[in-house]
Amino acid sequence: MIPEEPSDPWTPFIGAVVEGLSTAARTAGLELPTEVALDQLDLEGGPEGDVAFPAHRLAAGARRPPAEVAAAIAGAFPPTDGVRSVHATGPYVNVRVDPTRLIRATLDLVFARGATYGHRPTTGGPVCIEHTSANPTGPFHVGRVRNAILGDTLARAARAAGSHVTTQYYVDDMGRQAAMISWIWAKPRDQWPESVRAADDGRGGEAEKPDRHYGRIYPAVSAYLKEHADAAAEVARVVQQVESGTPPANHREITQQILDGMLASLERLGIRFDEFVWESDFLRDGSVPAVLERMRRSPRAVTEPNGALAIDAAAHGLPKESTHVVVQRADGTSLYVTRDVAYHLQKFGRFARVVDVLGQDHQLHARTLDALLDEIGETRRPEFVIYQDITVPEGGRMSTRRGSAVWLDDLWAEAVARARKEVLARREDLREADVDRIAEAVAAGAIRFHIVRVAPEKPVVFRWEDALSFEGRSGPFVQYSYARAASLLRRSGVEGRTATFEADRLSDPEEVELVRVVAKFPRVVAYTARSGHVQALAGYAHELADQFNRFYHAVPVLKSEGERASRIALVAAVRQTLGNALELLGIVPLETM
RNA sequence: GGGCGCGUGGCUCAGCUUGGAUAGAGCACCGGGUUCCUAACCCGGCGAUCGAGGGUUCAAAUCCCUCCGCGCCCGCCA
C-alpha cells in the first residue's frame, strides 16, 4: 500500500489532538475513544484556540463538573508533536497547534498540489448532474440562470471532491412549447395573428441572437393559443408529428438555433455542458413506448373516460387534487413526465449517482417522477437539488408573461459596461482588448458570485444595484484580491512554485491567521460537495480574500528584509488557493485588473 | 384546503447538515487611512429580544411541536 498523500493540511494535527485528548482522558480516569473525541471536537476552535473540545458530555457521563474535567484533561495532555499548548477555559479544552508546523505543512501542500490543492483524487462511480435544461423557447432570464450557476458550481465542486462528473442539459424538443415555435415560424409573417405581429416589433434582424429573435413572439403566441382552439389544434398536430418521428421541416433547426443562442449567454459565464440529451431521442429509440407498456401493466393503470392512460398514484401520497397522473394522451402522445421516466432509466444505466437541479416549481414533478419510477418497479432514484425562485422587488417571481423578467443578456451588457468604466478609471495603460477581457471577466464574476452566495433554498430578490456590486462580498472583490497577489508576485521576481520559505519567519498574527484560512480550503471543498451548500464556497473565497487584504495592509512584503522570501511564498500560496477557489466558482482569476 | 421553502441589525445575506464559549459579513450611515507592494482596499464606530410561543437539553439561531407572515406548486403544460 502506498500511503496516500493527505489532501488536508489539518489532518495530522487533528489526529494528534484526538490522540492526546484520549490519552489525557485516560490519565484523568475517563473513557474517551478517539472517534468520540473527533466527533465532539470543534474544528473551528474558539476565541482561545485552534480547536476546542467541549467537556460537557464527557463530564456528564462521569458525573463530574465539566470545568473540572476540562482542567483535568488539559493538565494531563501529553507532550505532542504539532501541539503547542493546551489549556482549559471553563468547560472547554482549548488546543493551539504549533503555528510553525501548520504553516510548513500548509505551504508545502499548496506548492506540491498546485492547481489541485483542495481537491481529492477521483474515486467512486460516475455521477450525472443534470441542470439548466431550460426549454429552447427564448432567452434566459435571470431567474432561470440560477439553475445553471448552481448546477455548474455543484459539478465543479463534485469533481474537485473526487467524483467523475458528467453534466447534462435535457433539451425539450418535443413538448407543446417547442411545437408552438415551429408552428408559428412555419407560417409566412402576414398570416400571423395580429397580436403576434405586434409583439414582433421588427427589431433584430440578421445580427440578433437567435434565442431573442425567435423567442420574442413566444409569449404572444402562447396567449393567442389559449384563446383560439383551432390554432391550438394545429399545434397539437405538430406535437403528434414530432412524436411520430416526422417533425415539421423547420422544427429541429429552429430548436437548435434558439438553444445555441441561449448557450452563448451561458458561455460568457463559463458554463458549458458535457452532453445534450434530446427528449425526442427517447421516442426514436423506443424507450418511451417501452415505459408506457410497463405502466399499462401496472395494477394502478386506469383509462380515463376520453381514452387517456393514467396511473392512480393515490398510494404514493401525491398531493394532487386528482391523484390520477396522466402519462399518455388519448391521441397517443406522451407527456413530459413519461419521457422523463425514460430519461432517468437511461441515466441509471450509466451513472452510479443521478442528480437533478430543479426550480422549486418542479417540486411536484420530482415527486411524481419518483412515484412513477416506483410504479414500474425501478428502485433507484435521482437526488433532487431544489432551489427557490429569483423574485422581483415588486413581489412575485420573474415572469416573461408578467413582464417582470430581467434578461440575462441585459444584465450582462450592463455589468460589462460598468466593469469597463471601472477598469478605465484606474488603468490607462491597457490595450482595448485587455480592457474588454477584464471587463467581461469581472462582469461574469459579479453575476455568478451574486447568485451562488445565497443558499439555494432561499428566495433571492433581484436588485440591479446588488447584482452589479463590485465591492465587499462580491466576485470582483475576490478577483481583485487575486490580482493583487499576482501583481505582488510579478514584482517579486519569484515564481510561485519555486518559492522557498522559513515557516518561523511568519509569526505576525495576520500571517498565521492567513495560513489558517488557506489550510481550511480542502475542508470547505469537501463540505460543499457533500452538502450541496455552494454558498460555503463563495463565503470561503470572500473570507480568504478578506484575510489576505488585512495581511497586505498589516505587513510589508517586497520591502521587508528577513521575512521577504517567506512572505512572498505565503502570497504565492494565497494566490494559488484563491485561484483554485475561483475556479470552483467558475470565476476567472485575473492576473491584473 | 394540501405540499414544499423561507423569516437573523435600516437593507441584503452567512451561520442550521453534525446543538457548545461574546450570533459573523456586505451595503447604507458616522469618523479615520494613499510621499510606501493595485484604495474594486484597510482601520474604527453605530446598529440583532435570530418571526411568536412552547418543548427537549448541562447548553438552542441550530433539533421537535404549535401558531403567524411571505413565496411557489397542486394542468391530458414543461
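Proteins get letters first, then strands, A, B, ... in listed order; numbering begins at 1 in each.
Comparing C37(B), A78(B), C6(B) by their closest approach to the side chain of E279(A) singles out A78(B). Of all nucleotides listed (G3(B), C74(B), A78(B)), A78(B) comes nearest to the side chain of R329(A). Closest to the R473(A) side chain, of the nucleotides A14(B), U17(B), A21(B), is A14(B). Residue Q177(A) has its side chain nearest to A78(B) when only G15(B), A78(B), A21(B) are considered. Residue Y480(A) has its side chain nearest to A39(B) when only C76(B), A39(B), A21(B) are considered. Taking the side chain of R491(A) as heavy atoms from C-beta on, and the options G20(B), C37(B), A78(B), the nearest nucleotide is C37(B). Considering only the side chain of R463(A), U12(B) comes nearest among U12(B), C77(B), C72(B). Residue L558(A) places its side chain closer to C37(B) than to any other of C72(B), C37(B), U18(B). Considering only side-chain atoms of D466(A), the nucleotide from C37(B), A78(B), U12(B) that sits closest is U12(B). When distances are taken from the side chain of Q388(A) to each of G71(B), A78(B), U12(B), the shortest belongs to G71(B).
Within 4.0 Å of A59(A), counting heavy atoms only, lies no atom of the nucleic acid at all.
Listed here is the closest heavy atom pair of V442(A) and Q479(A): CA-OE1, 3.5 Å.
Ring stacking holds between Y92(A) and A21(B), with the centres under 5.5 Å apart and the planes within 30 degrees of each other.
The side-chain tip of R484(A) points at the ring of Y552(A) from less than 6.0 angstrom away and within 45° of straight on.
Between the side chain of N94(A) and the base of A21(B), at least one donor-acceptor pair of N or O atoms lies under 3.5 Å. For N306(A) against C76(B), a side-chain N or O and a base N or O form a donor-acceptor pair under 3.5 Å.
Partner assigned to C13(B) is G24(B), using Watson-Crick or G-U wobble distances below 3.5 angstrom. As the counterpart of G69(B), C6(B) is assigned, both hydrogen-bonding distances of the Watson-Crick or G-U wobble pattern falling under 3.5 Å.
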Every protein N/O within reach of nucleotides 55-61 of chain B N/O, cut-off under 3.5 Å:
none

So which protein nitrogen or oxygen atoms get under 3.5 Å of nucleotides 42-46 of chain B's nitrogens or oxygens?
unit_1, atom_1, unit_2, atom_2, d
C42(B), OP1, D546(A), OD1, 3.0
C42(B), O4', H553(A), NE2, 3.1
C43(B), OP1, R550(A), NE, 3.1

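Looking at S566(A), its side chain never comes within 3.5 Å of a backbone N or O of R505(A) through a donor-acceptor pair.
Counting heavy atoms from C-beta outward, L43(A) and R523(A) have side chains that approach closer than 4.5 Å.
For the P atom pair drawn from C46(B) and C30(B), the interatomic distance equals 16 Å after rounding to whole Å.
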